[in-house]
Amino acid sequence: MLIKDKDILSSNKNQTADDKAQNKAKRYVINKKNMKQAWGDAFDYYIRGITEKYLNFHGRATRLEFFGFMVAQGILFFPLYIFSEYVEMPMLVYFFYFATFIPTVAVLVRRFHDINKKAFLYLFLGLLSILSAFFISYFSLILILLWVSFVYVLAYRPSYAGIGLFGEPQVDDEVYEQDNGPILKKFIMISLICLLVISILTYVNFDNWKRQSTQKSTIDSILTTAEMMSVDKSLSDEQIKVVQKEVINMLKALDGQTVSEAKIHSNIEKIISNIVAK
């Protein structure tokens, strides 16, 4: 009896392994020709979106148009980012994205129109999640990603079949037939990954720029204080320049340390005293 049970268990295991192998073999593969055409269409939708449809908030946009636009915009970020770092103009990539912000909103509005929904409420929620960055810092990134995920779920809905509130449906949403769904899912996955990486890079960059700006402001304030103290001591212009140079060296030595304002003033007075004594 035990032997038979073992045989049954062994047979079940073999069946399970066979089923897994068959499922793996049946995994759907997108036709290469359709995939290549889809990438061409995606960048074509993007180019048209930022040119002839730049201010087009009317009409409808199919799933292919919307997700093609988003995946092209996500991919373009990386060569632009590398180029902006190479030419030492880190804001260049963000100027480009700022310039394409309006057509991005426009294609999103048209996509909501295509599923017979008004876009105002969803855009308002997105604006609130972006503005939250000024109040809740790190948690705002989570809110933004949640909003994007919610928008993507809605945007993946098929076109509304009727005329609806915003005109007749377009006919180019199912151009790849059985490959249409897998291609759209691939575009969604790639654009979401790009968006996540872009969000993290942007947050880190702006946090660093904010820190550098604060640091520069503090250094300028300390140097101004040193100049005023030097003037009070009736130092010459040359001596004031020496004081400022010594203060900069002092700040470099104190980099990373927590130092009170009183101690900084004390150190500046010592520097001035040493220069006067010379």
Side-chain angles (χ1 to χ4, degrees), residues 19-53 56 59-83 93 96-97 100-101 103-117 119 122 126 129 141-142 144-161 169-203:
D19 289 342
K20 286 181 179 177
Q22 285 179 0
N23 289 336
K24 193 173 182 180
K26 290 178 182 177
R27 189 175 293 169
Y28 191 81
V29 178
I30 300 171
N31 182 285
K32 289 183 179 179
K33 184 179 178 181
N34 283 342
M35 193 70 247
K36 184 178 179 180
Q37 184 183 341
W39 280 115
D41 287 342
F43 282 92
D44 181 56
Y45 278 125
Y46 184 74
I47 296 299
R48 283 163 55 194
I50 63 174
T51 54
E52 64 187 76
K53 293 186 176 183
N56 185 3
R60 298 165 64 156
T62 63
R63 293 184 297 178
L64 181 60
E65 180 178 350
F66 175 74
F67 289 113
F69 184 99
M70 296 308 293
V71 76
Q73 184 164 15
I75 289 172
L76 280 174
F77 174 86
F78 299 100
L80 287 170
Y81 182 82
I82 292 169
F83 176 75
V93 64
F96 176 81
Y97 270 75
T100 58
F101 175 75
T104 303
V105 175
V107 74
L108 176 59
V109 169
R110 296 198 304 274
R111 177 82 274 262
F112 278 122
H113 288 177
D114 196 50
I115 58 173
N116 209 35
K117 290 187 180 294
Y122 306 102
S129 64
L141 185 60
I142 297 172
I144 292 169
L145 292 176
L146 284 173
W147 175 76
V148 169
S149 301
F150 174 68
V151 166
Y152 264 50
V153 169
L154 284 178
Y156 186 65
R157 290 185 181 181
S159 300
Y160 183 73
Q170 298 184 40
V171 294
D172 60 345
D173 195 26
E174 305 292 334
V175 292
Y176 307 116
E177 299 176 352
Q178 73 274 14
D179 285 337
N180 196 74
I183 286 172
L184 283 172
K185 288 176 182 176
K186 186 180 282 289
F187 281 176
I188 291 169
M189 181 186 68
I190 294 172
S191 61
L192 281 174
I193 291 171
C194 289
L195 185 61
L196 178 62
V197 175
I198 291 167
S199 299
I200 293 170
L201 280 174
T202 301
Y203 188 89

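Just so it is clear, the values below take in all heavy atoms, side chains as well, and ignore hydrogens, waters and symmetry mates.
Remark: Arg110 does not engage Asp114 in a salt bridge, criterion side-chain N to carboxylate O under 4.0 Å.
For the atom pair Ile200 CD1 and Leu195 CG, the distance stands at 10.0 Å (nearest 0.5 Å). Distance CZ/Phe69 to CD1/Ile47: 9.5 Å, rounded to 0.5 Å. For the atom pair CG of Asn31 and CD of Gln178, the computed distance is 7.5 Å after rounding to the nearest 0.5 Å. Note that the CZ atom of Phe43 and the CD1 atom of Ile75 stand 4.5 Å from one another [nearest 0.5 Å]. For the atom pair Thr62 OG1 and Tyr45 OH, the distance stands at 4.5 Å (nearest 0.5 Å). Rounding to the nearest 0.5 Å places CG of Leu154 at 6.5 Å from NZ of Lys117.
Closest approach of Ala42 and Ala72 over heavy atoms only: O-CB, 4.0 Å. Here the closest non-hydrogen pair linking Ala38 and Ile183 is CB-CG2, 3.7 Å. Taking both residues in full, the closest heavy atoms of Arg63 and Arg111 are given as CG-NH1, 3.1 Å, listed atom of the first, atom of the second, then distance. Contact detail for Tyr46 and Phe96: the closest heavy-atom pair is OH-CE2, 3.5 Å.
In this structure, the side chains of Pro103 and Lys53 stay at 4.5 Å or more apart for every pair of heavy atoms. Looking only at side-chain heavy atoms (C-beta outward), Asp41 and Glu65 stay at 4.5 Å or farther from each other. In this structure, the side chains of Leu192 and Leu145 stay at 4.5 Å or more apart for every pair of heavy atoms. With contacts defined as side-chain heavy-atom distances shorter than 4.5 Å, the pair Trp39/Phe187 qualifies. Counting only heavy atoms from C-beta outward, the side chains of Tyr122 and Leu108 never approach each other to under 4.5 Å. Inter-residue side-chain proximity for Phe112 and Val151 is flagged as met; some heavy-atom pair is nearer than 4.5 Å. The closest side-chain heavy-atom distance from Cys194 to Ile190 is below 4.5 Å. Between His113 and Ser159, every side-chain heavy-atom pair lies at or beyond the 4.5 Å cut-off.
Listed for the Ser129 side chain is a donor-acceptor partner under 3.5 Å among the backbone atoms of Gly126. Using a distance-only test at 3.5 Å, with no hydrogens or angles considered, a donor-acceptor pair links the side chain of Arg60 to the main chain of Tyr160. The backbone N or O of Phe77 sits less than 3.5 Å from a side-chain atom of Tyr97, completing a donor-acceptor pair.
Between Tyr152 and Phe67, the two ring planes are perpendicular [angle over 60°; tilted spans 30° to 60°].
In terms of the ring-ring contact (aromatic ring centres under 6.0 Å, His included) criterion, Tyr156 has no residue partners (sequence neighbours excluded). Lys186 pairs by the salt bridge (Lys or Arg N to Asp or Glu O under 4.0 Å) definition with nothing, not counting sequence neighbours.
Counting non-hydrogen atoms of other residues, nucleotides and ligands closer than 6.0 Å to CZ of Phe83 gives a total of 12 or fewer.
Exactly one residue among Leu184, Val107, Ile188 makes a side-chain contact (heavy atoms from CB on, under 4.5 Å) with Phe66. That residue is Val107.
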message: side-chain contact (heavy atoms from CB on, under 4.5 Å) for Met70 and Thr104? Distances and angles first, verdict last.
response: CA-CA 8 Å; Met70 296 308 293; Thr104 303; 4.2 Å; yes
